[in-house]
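Below, chains carry the letters A, B, ... as their sequence lines are ordered, and counting in each starts from 1. If you're wondering where the values come from, they're calculated on a predicted model, not measured in any experiment. What you see below is based on every heavy atom in this structure, not just the backbone, and it leaves out hydrogens, waters and symmetry mates.
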2 protein chains.
Amino acid sequence: MVKLSDKMNNIKKDNTEQKIMDAAHTVFLKKGMDGARMQEIANEAGINKALLHYYFRTKQKLFEAIFKQIFKDSFPIIRKTLLSDIPIREKMDLFIDSYINLLSKNPFLPAFLLKEIHRDPEFFANVIKGSGINPSEILAMLEKEMGKGNIRKMNPCDLITNIIALSVFPFAAKPLLSIMLFNGDQKAYKIFLQERRETVKEFIFNAIFLK
Amino acid sequence: MVKLSDKMNNIKKDNTEQKIMDAAHTVFLKKGMDGARMQEIANEAGINKALLHYYFRTKQKLFEAIFKQIFKDSFPIIRKTLLSDIPIREKMDLFIDSYINLLSKNPFLPAFLLKEIHRDPEFFANVIKGSGINPSEILAMLEKEMGKGNIRKMNPCDLITNIIALSVFPFAAKPLLSIMLFNGDQKAYKIFLQERRETVKEFIFNAIFLK
DNA sequence: CTTACTTTTAACCAGTTGGTTAAACTATAT
DNA sequence: ATATAGTTTAACCAACTGGTTAAAAGTAAG
């Protein structure tokens, strides 16, 4: 039996596989599962279309690989800040910052996620359940803070929903808002988004801290 | 020259055209432009596929018709309450109510709009510009209220964005939130959404009214 | 160099999709 | 009744799409 040269094979494989992953990431995020074309991904990766199928048998499998990777890359960062041992005000500050940072770097992410969780909710549910994400610990943390009287008492589900909504929505609805609020001026909208780093915090803090 | 029997022709035409519009509405909202199939719309309408093309030459034209209609039906209701002559607190109360009512009746609307404005932002921009929607009057109204000291001073663009975000996001992200917060329990999520009618208002009022 | 194996490619295929065509049907006006 | 116009249908088509195949090119080991 012939042994493989692990080094050579893996370098090559990793290169192509990574090229495909990168290309698929780009195309899927822009066009979504339905709108993306295998040929376009192949072009983006600078390879033959058949090679896609050689590495990821089907479009579905390629899509799942990208989807899961996005999920794995994005969520842990956020969870970490939320469960650290710092005062609630700083914690929220950091949380919102890291959330907005993530979205600034991945502007297509919100729309992509919203699109795909509607297209195939079951698959999405499985990804979450298999990823060990557990929001209940975050909800518990919020309830504890309310019990201590640090923040106004409310349904913690509402609070977490509101924070995410205020952070995510302006990115998800960018084309709509940039037209309606700034007549399509992209630069003005970018400034608006950056300023929201602070104004969103103010808004939330006013809503939840007792005075 | 032969005259038409307007009555007969229009009744027939209206019937079929309406059947097509209804069917297209259903299918497009669920699947989006990319995911929708002309055959599926024809089936849903109970007619031949060729008849779709007879009434709306292309898929694109049919889609545009539906899209514009959705837009025309949805926005004026909201604008009306916002520009009426009642105290700001009641006004916001009504605004949020009518917004959430609209979304409760059209749960697919937010995800659909977000999907499509990303797919073809230019077409979307044209629809808005051609629809006479003018957010500047709403922004002006908010600024006036701030000037009178009725609500906390802030960027009115932020305020309107926040209100819409808090109202829309839970509907847009339903599959995500219902899994993460309620382990996929749809009924619990519906109750959550209904309760938000009040909790969202509290949250916003706490954020913007001085105490 | 030969062998065994993996990676890459060009050509191809079957199913689907948006869209067309020509004929059949319906209803009115003369 | 029949001519005229709009309406509806079945059959068809060209383009595209995801996926396959078989052969070529590359690579490490004996």
Inset, instruction - Would you mind telling me which of A:D158, A:T161, A:N155 makes a side-chain hydrogen bond (donor to acceptor under 3.5 Å, both in side chains) with B:R196? - result: A:D158
How many whole angstroms separate atom [atom1] of [X] from atom [atom2] of [N]?
| X | N | atom1 | atom2 | answer |
| --- | --- | --- | --- | --- |
| A:Y54 | D:dA25 | OH | C1' | 13 Å |
| B:K19 | D:dT9 | NZ | P | 8 Å |
| B:H53 | D:dT9 | NE2 | C1' | 14 Å |
| B:L52 | D:dA10 | CG | P | 14 Å |
| B:E17 | D:dG6 | CD | C1' | 13 Å |
| A:R57 | D:dT21 | CZ | P | 11 Å |
| A:F63 | D:dG18 | CZ | C1' | 16 Å |
| B:L51 | C:dG19 | CG | P | 15 Å |

Legend entry - Closest nucleotide among D:dT8, C:dT8, D:dT9 to the B:A50 side chain: D:dT9
Legend entry - Candidates D:dG19, C:dG19, C:dT9 - which lies nearest the side chain of A:T58: D:dG19
Legend entry - Presence of A:Y55 side-chain N/O under 4.0 Å of C:dT8 phosphate oxygens OP1/OP2: yes
Inset, instruction - Taking only the side-chain nitrogens and oxygens of A:T16, find out if one of them lies under 4.0 Å from OP1 or OP2 of C:dT7. - result: no
Inset, instruction - Classify the side chain of B:K49 and the base of C:dG18 as holding, or not holding, a donor-acceptor pair under 3.5 Å. - result: yes
Is [X] salt-bridged to [Y], going by a charged N under 4.0 Å from an acidic O?
| X | Y | answer |
| --- | --- | --- |
| B:K61 | B:E64 | no |
| A:D34 | A:K115 | no |
| B:E40 | B:K31 | yes |

Inset, instruction - May I ask you to check whether B:N134 and B:R79 show a side-chain donor-acceptor distance below 3.5 Å? - result: no
Inset, instruction - Go through the side-chain N and O atoms of B:E122 and B:N126 and say whether any donor and acceptor fall under 3.5 Å apart. - result: no
Inset, instruction - With B:I41 as reference, evaluate B:T26, B:V27, B:D22 under the side-chain contact (heavy atoms from CB on, under 4.5 Å) test and give the passing residue. - result: B:V27
Inset, instruction - Within residues 27-40 of chain A, find the residues that approach DNA chain D with a heavy atom at under 4.0 Å, and present them sorted by residue number. - result: A:A36, A:R37, A:M38
